[in-house]
Amino acid sequence: MEALQEGFSAFISGFARVFLVSIVIWMIGLVVILFKEMFQSRELNLRDYLQKVWKMLLASFEFTAYGAVVVGPILFLRAEEEERLTYGMLTVAAVILSIIYLYIRKQTDGFKKAKQSE
């Protein structure tokens, strides 16, 4: 029972780590967007700015999950025996989130819209 509890705790911890890193990346992106908007010659359009903030939030969550699929196994292989469960569950959480994000993109035609706007 204790092993099951420890595994579930590591699983939830994996999701928490992915979300925490996503929030940190989003905050860094907010600073970048803010400075880009401040030093433009045109006036600040609040609606466009908030739209950029929202897109940055979605992109940070999505790309962090994709990145954790790559980084998680590397950390798993380099970790000591006590930390392998944590990084293994981080990888599992990242794979689950990546599948969910890809499914959402497929259902909303997110990839087609991205190609059309370029």
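Met27 and Leu50 fall within the same hydrophobic cluster, where Ile, Leu, Val, Met, Phe, Trp and Tyr residues are linked whenever their side-chain heavy atoms come under 4.5 Å apart, directly or through other members. Note: the hydrophobic cluster containing Tyr103 does not contain Phe15 (ILVMFWY, side chain heavy atoms under 4.5 Å, direct or indirect links). Hydrophobic clustering places Leu44 together with Met56 (ILVMFWY residues linked when any side-chain heavy atoms are closer than 4.5 Å, directly or through intermediates). A continuous path of Ile, Leu, Val, Met, Phe, Trp and Tyr side chains, each step under 4.5 Å between heavy atoms, connects Phe19 with Ile12, placing both in one hydrophobic cluster. Both Ile100 and Ile23 are part of a single hydrophobic cluster, where members link through side-chain heavy atoms under 4.5 Å apart.
Ring-plane geometry between Phe35 and Phe39 is classed as parallel, the angle between the planes falling under 30 degrees on a 0 to 90 degree scale with a further cut at 60.
The CZ atom of Arg17 sits 13.0 Å away from atom CE of Met89, with the distance rounded to the nearest 0.5 Å. Taken to the nearest 0.5 Å, the CD1 atom of Ile33 stands 6.0 Å off from the CG atom of Leu30. Interatomic distance, CG of Leu75 versus OG1 of Thr91, reported as 7.5 Å (0.5 Å rounding). Atom-to-atom distance recorded for Asp48:CG and Arg42:CZ is 6.0 Å, nearest 0.5 angstrom.
The two atoms that bring Ser60 and Ile25 nearest to each other are CB-CG2, 4.0 Å, heavy atoms only. Smallest separation of non-hydrogen atoms from Val18 and Ala68: CG2-CB, 4.3 Å. Ser98 and Ala65 get closest at one heavy-atom pair: OG-O, 3.3 Å. Looking at every heavy atom in both residues, Gly14 comes nearest to Ala93 through C-CB, 3.9 Å. Scanning all heavy atoms of the two residues, the minimum distance from Thr64 to Ser22 falls at CB-OG, 3.2 Å.
Side-chain contact check for Tyr49 versus Leu34: some heavy-atom pair is nearer than 4.5 Å. Between Leu97 and Phe61 there is no side-chain heavy-atom pair separated by less than 4.5 Å. Using a 4.5 Å cut-off on side-chain heavy atoms (C-beta onward), Val69 and Tyr66 make no contact. Residues Lys52 and Lys36 are not in side-chain contact: their nearest non-hydrogen atoms beyond the backbone lie 4.5 Å or more apart.
Proximity of a side-chain donor or acceptor of Ser13 to a complementary backbone N or O of Ser9 within less than 3.5 Å is not detected. Between the side chain of Trp26 and the backbone N or O of Leu58, no donor-acceptor pair lies under 3.5 Å.
Summarising the local packing, CD of Glu43 is surrounded by 12 or fewer heavy atoms from other residues, nucleotides or ligands at distances under 6.0 Å. Heavy atoms from other residues, nucleotides or ligands lying under 6.0 Å from CD of Gln107 number more than 12.
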Validation: residues 77-87 side-chain donor-acceptor distances under 3.5 Å, sequence neighbours left out:
none

